[in-house]
Amino acid sequence: MKISFIPIDYDYFDFQGRNYVKVIGRSKEGKKICLIDSCDVYFWAILKDGLNENEINSLIEKILGIQLDVKGRKTKVEKVELVDKKFLGKDVKALKIFATNYKDLHDIVDELGFDEIEKRRGYDLGFVTHYIIEKKINPLCWYEIEGEILDNSLEFGEIGKYLDVDLCIKLKNYEKIEEKKFSPKVLAYDIETDGIKIGEGEILMVSLVSENFKKVITWKGKESLKEDYVEHVKDESELLEKFVEYVRKISPDFLTGYFSDGFDLPYLKSRADKLGVKLSLGIDDSQPKFSRGKMMTGKINGIVHVDLLRFIQTAYSQYMKSETLSLNEVANEFLGDSKKDFEHKHSSEIKKGEWGIYFDYNLHDSVLTYNLFQKFWPDLLEFTRIIREPVFEISRAGLSKYVESYMLHRLEKFNEIPEKRPTYNEISERKHRGKVKGAFVLEPTPGIYEDLVFFDFTSMHTSIIISFNLSRGTLLEKKKKDCYESPEIEIGNDKKRFYFSKEPGFFPELLKEIFNKRKQFKSEYKNEPNKITKARSNAFKLLSASVHGYIGFFGARYYSWEASSSILAFVRKFNIDAIERIKKEGHQVIYGDTDSIAFLRNGKSKSEVKDLLKKINSELPGIMELELEDFYKRGIWVTTRTGEFGAKKKYALIDEEGKFKIRGFETVRRDWCALAREVQNKILLMILKEGNEEKALEYIKKVSKKIKERKIDLKEIVIQTQLKKPLGEYRSITPHVVAARKIKERGMPISPGTLIKYYISETEGKKKLVRDKVKLLDEEGKYNIEYYLEKQILPAVENIFQVFGVDVKDIIKDKKQRTLGDF
DNA sequence: GGTCCCTAGATACC
DNA sequence: ACAGGTATCTAGGGACC
């Protein structure tokens with residue numbers, strides 16, 4: 001019997017000392033299937049150059065004799081083969097050393113301190129990754145499989161009997177087949193509790209949302225108006241049991257929550273432990289397992305637990321408008337939907353009539369999570385397919401893991417042996433080597449300009465890596481006759497160049513694939529602009545842009561200070577060259593940052609500009625490409641606060657359709673109060689639309705009057721700042737630290753990541769410091785007129801008006817006039 | 001108590 | 001530790017008068 005099958009999750013177990021993989025997935029017909037499979041277990045010993053046959057044979061004999069008894073497990077070297085391989089692009093002779101159990105490879109490696117062996121590699125990938133590489137049963141790709149059905153078999157300790165799947169198959173044959181549509185079964189969940197710390201208070205309710213399925217399980221508010229999605233149970237224990245029952249009945253591919261790694265799942269587990277309920281969510285009846293890293297991670301056997309927040313953090317946060325990654329804001333941005341209104345309070349304070357609202361609130365959180373999962377699914381799918389790690393990992397990993405896994409899964413094509421993870425000592429050496437000099441930013445001349453053009457390089461770092469074959473493996477020890485040469489790089493007081501082979505390296509070659517995906521999704525977005533094509537385009541832009549960061553990241557297997565420095569040196573060179581080239585054509589260049597150039601049309605037509613672009617492109621090497629970002633009707637650049645220089649990374653533009661683009665200004669910074677941000681935003685828009693400052697000046701007069709008359713709402717003057725580390729670690733006591741202390745005193749939870757909200761009030765006495773005037777939002781007080789005028793409004797608008805030679809200081813402060821008016 | 005300079009800290013840009 | 005460097009800006013911290 002042949003079955004079309006899509007792998008979703010991977011797990012492994014030991015049976016009689018050997019490793020077996022469980023691949024959980026679906027058949028085309030929607031049946032949940034568990035494949036049992038195994039693969040060769042081995043690692044590599046790279047031999048020193050120039051060993052003769054006898055030396056190699058006697059080495060192999062020695063290695064074959066290795067037998068270990070580790071952790072009660074007998075393991076041995078089963079087989080050794082001599083193979084021609086490559087390591088970092090160089091030809092090497094290597095021994096492929098087969099062993100019984102993957103977990104023992106480290107111990108065998110430790111026994112291999114022979115002089116003939118130069119390096120030992122390929123033992124630190126993790127068994128699942130090793131398996132996927134070995135067998136090429138890639139996640140979320142379709143296969144036609146054949147095998148022995150184990151449902152009633154005694155094999156593997158009767159695994160087929162106790163696994164909660166439709167079919168359990170011992171894999172015999174498989175073949176990759178063409179892609180089919182796959183709509184995963186998704187179940188979203190969310191809990192409401194009386195506690196904030198994990199397991200502290202009771203769980204009041206849990207909501208579950210799947211396709212055509214909505215449920216709130218609760219043991220509270222029985223008297224309340226009964227909605228048909230509400231299911232009442234006896235108590236909290238029964239709630240937990242019912243939750244498990246529904247999850248098992250629905251048997252989803254994905255169980256998804258929002259911040260559920262950090263809250264919902266550990267909370268459920270903790271309460272279940274306290275109440276003696278087994279949270280047997282796994283297909284093998286196992287309970288969720290938590291691993292502690294920087295972030296806690298909750299894993300369920302056979303169901304992929306996806307904390308959407310984690311995926312959004314890595315894949316989208318840099319491209320989002322939302323200022324926080326709260327469910328509400330993210331849902332707003334991607335779904336145009338919000339959380340329902342409900343003011344959280346302890347269950348003892350909830351009135352009878354309010355429970356219905358609470359249930360609805362709880363349900364809607366799961367609805368939002370479910371819908372968000374569906375929105376992001378195409379991206380999660382694409383990332384998983386291209387990176388080839390299980391969805392569970394993809395949904396949680398950082399960018400370095402994305403890049404690295406992409407490479408590791410494709411080394412075989414190049415006959416490459418994988419590099420190992422750096423050791424602790426190597427990491428600290430890398431950290432101490434000194435920063436790589438970064439990109440070039442052109443200082444703008446402050447002013448307001450008309451008819452602007454923005455050019456930018458397409459995936460600049462990536463195209464440089466590809467075009468100049470830059471990587472650790474292609475770095476040459478010294479200059480060769482025919483090689484790529486980096487621009488001069490300053491090292492201390494020295495200048496140096498690095499040289500790279502022209503023989504294509506596996507790393508730059510592999511990058512091409514990412515680069516092409518990026519191109520494909522970008523044009524897809526252009527043809528069909530919507531939130532999702534945009535998100536996907538941005539996601540791959542991010543992956544593509546992360547590769548040079550990966551090379552410079554000290555934890556990377558393929559870290560290279562030399563390659564990283566060279567990439568940045570090329571980035572600087574090409575941007576500066578392009579600036580000069582555009583100047584030479586008679587354009588005034590206003591600004592440039594890393595891979596972009598802004599310049600004036602200076603009377604030239606758009607098609608002349610496009611011709612210039614073509615000309616420049618024909619002169620660029622390799623796959624490097626400069627593209628037209630857009631034409632802009634008007635743009636403004638200001639000075640820095642001190643007024644000495646043109647400010648970098650701060651500008652505002654209006655395009656020809658009247659769309660605004662604002663970068664770096666207080667308007668886009670969340671640590672400024674809404675009032676200052678709105679005022680600055682309005683002023684920028686007026687100025688960009690009209691091309692003069694008159695209206696804006698009128699407006700600013702009105703606003704400062706309103707402030708002085710205390711007519712500003714509290715929510716307009718709230719300042720919010722994120723706590724970035726534990727409260728005790730702050731060396732300087734800033735306003736937001738003071739505010740955070742106040743919150744803590746009230747017994748409210750704060751931790752790194754919490755947004756601290758406060759306002760600055762009038763104070764009696766001679767308190768000078770801002771932090772002495774900090775008040776929380778519910779603390780009574782009058783806002784500090786002077787502070788908001790001089791420290792929020794004035795700095796936000798002062799240097800914008802300065803561009804027109806207008807000094808707004810007196811207009812805003814206006815102290816004399818106020819005194820006169822008072823009489 | 002005020003001024004100057006420097007640093008810590010947060011956030012943005014690419 | 002979990003992609004990088006460049007940059008702006010505020011408020012605190014400390015030296016000095």
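From a predicted model like this one, the values you see are computed outputs, not experimental measurements. Labels below follow one simple rule: chain letters A, B, ... track the order of the sequence lines, proteins then strands, and each chain is numbered from 1.
- The pair A:E488-A:R572 does not meet the salt-bridge criterion, since no charged nitrogen lies less than 4.0 angstrom from a carboxylate oxygen.
- Taking every side-chain heavy atom of A:K648 into account, C:dT8 is the closest of B:dA10, C:dT8, B:dC14.
- A cation-pi geometry, defined here as NZ or CZ lying under 6.0 Å from the six-membered ring centre and within 45° of its normal, does not hold between A:K773 and A:Y787.
- Each of C:dA3, B:dT11, C:dC9 was ranked by its minimum atom distance to the side chain of A:K650; first place goes to C:dC9.
- At least one side-chain nitrogen or oxygen of A:S400 sits closer than 4.0 Å to the OP1 or OP2 atom of C:dA3.
- The CD atom of A:E404 sits 11 Å away from the P atom of C:dA3 (whole-angstrom rounding).
- Nearest to the side-chain atoms of A:S732 among the listed nucleotides C:dG13, C:dA3, C:dA7 stands C:dG13.
- In this structure, A:G438 reaches the sugar-phosphate backbone alone: every heavy-atom distance under 4.0 Å involves primed, P, OP1 or OP2 atoms, never a base.
- A sub-4.0 Å separation between OP1 or OP2 of B:dA10 and a side-chain N or O of A:Y730 is present.
- Side chain A:Q318 to base C:dA3: a donor-acceptor pair is found below 3.5 Å.
- For A:Q722, the side-chain atoms get nearest to B:dA10 when compared with the rest of B:dC13, C:dG5, B:dA10.
- Taking atom NZ of A:K773 as the reference point, atom P of C:dA11 lies 10 Å away to the nearest angstrom.
- An OP1 or OP2 oxygen of B:dA10 is reached within less than 4.0 angstrom by no side-chain nitrogen or oxygen of A:R669.
- Contacts of A:F645 with the nucleic acid, taken as non-hydrogen atoms under 4.0 Å apart, are absent.
- For A:R572 and C:dT6, the shortest distance from a side-chain N or O to OP1 or OP2 is not below 4.0 Å.
- Rounded to whole Å, atom P of C:dA1 lies 16 Å from atom CD of A:E426.
- A:D261 and A:R396 are joined by a salt bridge, as a carboxylate oxygen and a charged side-chain nitrogen come within less than 4.0 angstrom of each other.
- In this structure, A:M407 and A:R557 have side chains that are not in contact, with every pair of non-hydrogen atoms separated by 4.5 Å or more.
- Contacts of A:L769 with the nucleic acid, taken as non-hydrogen atoms under 4.0 Å apart, involve only primed sugar atoms and P, OP1 or OP2.
- Among the atoms of the strands shown, only primed sugar atoms or phosphate atoms (P, OP1, OP2) are found under 4.0 Å from some heavy atom of A:I733.
- Between C:dT10, C:dA1, B:dT11, one nucleotide has an atom nearer to the side chain of A:W672 than all others, and that is C:dT10.
- Candidate nucleotides B:dC14, B:dT11, B:dA8 were compared by shortest atom distance to the side chain of A:R731, and B:dA8 ranks first.
- Note: A:F570 and A:F468 have parallel aromatic rings, judged against thresholds of 30 and 60 degrees for the angle between ring planes.
- Across all strands, A:Y787 comes closer than 4.0 Å only to sugar-phosphate atoms, never to a base (heavy-atom distances).
- Per the geometry, OH belonging to A:Y559 stands 15 Å off P belonging to C:dA3, to the nearest Å.
- Side-chain contact between A:Q792 and A:L675: absent, with no pair of heavy atoms (C-beta onward) separated by less than 4.5 Å.
- At the heavy-atom level, A:K401 lies nowhere under 4.0 Å from the strands shown.
- Computed from coordinates, the A:D124 CG to C:dC2 P distance equals 20 Å when rounded to whole Å.
- Computed from coordinates, the A:K725 NZ to B:dA10 C1' distance equals 11 Å when rounded to whole Å.
- Of the candidates C:dG5, C:dT8, B:dA10, B:dA10 carries the atom nearest the A:K724 side chain, counting heavy atoms from C-beta on.
- A salt bridge links A:E419 to A:R121: at least one charged side-chain nitrogen sits closer than 4.0 Å to a carboxylate oxygen.
- Along DNA chain C, the nucleotide nearest to A:G555 and the one nearest to A:H548 differ in position, and the one closer to the 5' end is contacted by A:G555.
- For A:K437, the side-chain atoms get nearest to C:dT6 when compared with the rest of B:dT11, C:dT6, C:dA3.
- A distance of 8.0 Å separates NZ of A:K401 from CD1 of A:I394, quoted to the nearest 0.5 Å.
- Whole-Å rounding puts the A:R430 CZ to C:dC2 C1' distance at 13 Å.
- Phosphate proximity of B:dG2 to A:K768: present, with a side-chain N or O under 4.0 Å from OP1 or OP2.
- If you take OH of A:Y424 and C1' of C:dC2, they are 15 Å apart, rounded to a whole angstrom.
- Of all nucleotides listed (C:dT8, C:dT10, B:dC13), C:dT10 comes nearest to the side chain of A:R641.
- Looking at heavy-atom distances under 4.0 Å, A:F665 makes no contact with the nucleic acid at all.
- Close to B:dG9, at under 4.0 Å from its OP1 or OP2, lies no side-chain N or O of A:H736.
- Among the atoms of the strands shown, none is found under 4.0 Å from any heavy atom of A:V737.
- Between A:K649 and the phosphate of C:dA7, there is no side-chain N or O to OP1/OP2 separation shorter than 4.0 Å.
- Note on A:W561: nothing from the nucleic acid sits closer than 4.0 angstrom, heavy atoms only.
- Here C:dG12 is the nucleotide among B:dC14, C:dG12, B:dT11 with the atom lying nearest to any side-chain atom of A:P735.
- When heavy atoms are screened at a 4.0 angstrom cut-off, A:H461 is found touching no nucleic acid atom at all.
- Phosphate contact (OP1/OP2 of C:dA7, side-chain N/O of A:R663, threshold under 4.0 Å): absent.
- Taking the P atom of each, B:dG9 and C:dA3 are spaced 22 Å apart, rounded to whole Å.
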